[in-house]
Amino acid sequence: MDEVLHDRIRDAILDVPPGRVTTYGDIAALTGAPSPRMVGALLSEDGHDLPWHRVLRANGTPAPHLAHEQLTRLRAEGVLAKGQRVDLGEYRWRPSED
DNA sequence: GACCTGACGTACT
DNA sequence: GAGTACGCCAGGT
């Protein structure tokens, strides 16, 4: 994994403000990552100190094995989910609106 | 180098 | 809206 890209992905995730969410695809597009999977891979190995709970899949649902923890953290920030699905139209963060 | 795996996305049914 | 199929790229074996 390219280290510059690595840092850009981390920075992009750190930019997401509390109470908002983004998607793996958005982070990939924003940072130039070749695939959204790379974003997930990075979080998997080096995401412990990042607000990883603000990163969702494109349909607004979290990864299955993290769903409970992720939705709990998001709820604490004011992001409400309908079942397992967060309303991206409501909470999705865009860099331009920062 | 082939094959498998994964915190994903899009298209299609 | 939900499920399936396939493409995608990097890492490990």
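FYI, side chains are in, hydrogens and waters are out, and symmetry mates aren't considered; it's all heavy atoms of this structure. Lettering follows sequence order; numbering is per chain, from 1. Just so it is clear, the structure is predicted and the values come from calculations on it, not from any experiment.
Electrostatic pairing of A:Glu77 and A:Arg73 does not count as a salt bridge here, judged by no charged N lying under 4.0 Å from a carboxylate O.
Atom OH of A:Tyr24 and atom P of C:dA10 are 18 Å apart (whole Å). Between the C1' atom of B:dT5 and the CD atom of A:Glu45 lies a distance of 14 Å, rounded to the nearest Å. The distance between atom CG of A:Leu5 and atom C1' of C:dC9, rounded to the nearest whole Å, is 12 Å. Nucleotide B:dT10 holds its P atom 9 Å from the CG atom of A:Asp26, rounded to whole Å. Distance, A:Arg37 CZ to C:dC6 C1': 11 Å, rounded to whole Å. At whole-Å resolution of the value, CD1 in A:Ile27 and P in B:dG9 are 11 Å apart. Computed from coordinates, the A:His53 NE2 to B:dA7 C1' distance equals 14 Å when rounded to whole Å. Rounded to whole Å, atom P of C:dC8 lies 13 Å from atom CE of A:Met38.
For A:Arg57, taking side-chain heavy atoms from C-beta onward, the closest of the listed nucleotides B:dC8, C:dC9, B:dA7 is B:dC8. With distances taken from any side-chain atom of A:Trp52 to the nucleotides C:dC9, B:dG6, B:dA7, the minimum falls on B:dA7.
Without hydrogens or angle criteria, A:Gln84 side chain to A:Leu71 main chain gives no donor-acceptor distance under 3.5 Å. A donor-acceptor pair under 3.5 Å links the side-chain atoms of A:Arg20 to the main chain of A:Arg92, judged by distance alone. Checked by atom type and distance alone, the side chain of A:Thr31 pairs as donor or acceptor with a backbone atom of A:Ile27 at under 3.5 Å.
Rounding to the nearest 0.5 Å gives a distance of 11.0 Å between OG of A:Ser44 and CE of A:Met38.
Within 4.0 Å (heavy atoms only), A:Ala41 reaches no atom of the nucleic acid at all.
A continuous path of hydrophobic side-chain contacts links A:Leu14 to A:Leu42 [ILVMFWY only; heavy atoms under 4.5 Å].
At a non-hydrogen distance threshold of 4.0 Å, A:Leu66 from residues 66-90 of chain A come into contact with DNA chain B.
Of the candidates A:Val79, A:Thr61, A:Leu74, A:Leu74 is the only one forming a side chain to side chain contact (heavy atoms under 4.5 Å, CB included) with A:Leu56.
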